[in-house]
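Contents: one structure, followed by commentary.
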Amino acid sequence: MAATWECPSCKRRVPNSVDECRCGWLRSRVPIAAPKPTDLVRGATRRGWEIWVGLAVALVLLAWGIYWMVRPPAPPPATGILGYVDPTPPPPKPSPHRK
Ligand SMILES: [Zn+2]
């Protein structure tokens with residue numbers, strides 16, 4: 001917030017602590033600056049941009065979900081526990097007690 005306000009009558013900068021200009025203009029008579037139409041347009045475009053990004057993210061997530069529903073990932077290959085034989089058995093250990 002500005003520390004001064006401009007007197008519309010004499011264009012002098014007056015501190016915020018002073019409510020009356022030297023020319024006699026009261027601060028309460030200063031019109032409140034209305035937002036410019038360009039600011040409104042800029043805000044609207046920014047909001048539109050955020051909406052489009054949100055829609056794009058939602059669309060990507062939706063497509064990803066549909067893809068996973070139609071083509072779920074293949075389950076990992078199951079390894080049988082019973083009857084499982086090692087393809088290459090380890091070499092027999094030499095026994096030092098038997099000769
Ligand atoms: Zn003034």
Side-chain angles (χ1 to χ4, degrees):
M1 188 164 175
T4 60
W5 59 279
E6 188 183 63
C7 173
S9 176
C10 64
K11 304 297 180 187
R12 186 181 294 160
R13 303 301 302 181
V14 183
N16 282 341
S17 58
V18 180
D19 287 337
E20 187 175 356
C21 182
R22 290 189 180 184
C23 68
W25 187 276
L26 290 176
R27 186 183 176 190
S28 59
R29 290 165 65 184
V30 174
I32 298 172
K36 298 175 183 176
T38 55
D39 293 343
L40 292 175
V41 168
R42 203 175 301 147
T45 54
R46 187 181 303 158
R47 232 172 283 135
W49 179 81
E50 290 173 354
I51 287 173
W52 279 112
V53 168
L55 278 176
V57 169
L59 192 66
V60 166
L61 288 176
L62 185 67
W64 184 65
I66 289 174
Y67 177 79
W68 270 61
M69 284 174 60
V70 172
R71 302 189 70 182
T79 56
I81 297 173
L82 295 176
Y84 178 77
V85 179
D86 281 334
T88 55
K93 294 177 183 177
S95 55
H97 301 291
R98 238 187 250 175
K99 292 189 177 175

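All ligand and atom numbering here is 1-based and tracks the order in the structure. Scope of the values below: all heavy atoms of this structure, side chains included, with no hydrogens, waters or symmetry mates.
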Across all chains, not counting sequence neighbours, the side chain to side chain donor-acceptor pair (under 3.5 Å) partners of Ser9 are none
Are Ile66 and Leu62 close enough that some pair of their side-chain heavy atoms sits under 4.5 Å apart?
-> yes
Does Arg12 have any side chain to side chain donor-acceptor pair (under 3.5 Å) partners at least two apart in sequence or in another chain, and if so, which?
-> none
Among protein atoms, how many N/O/S atoms lie less than 2.8 Å from the Zn ion (ligand 1)?
-> 4
Hey, are the side chains of Trp25 and Pro8 touching, using non-hydrogen atoms and a 4.5 Å cut-off?
-> yes
Quick one: side chain to side chain donor-acceptor pair (under 3.5 Å) partners of Asn16, sequence neighbours excluded?
-> Arg27
Kindly say whether Pro15 contributes a backbone atom to a donor-acceptor pair with the side chain of Trp5 at under 3.5 angstrom?
-> yes
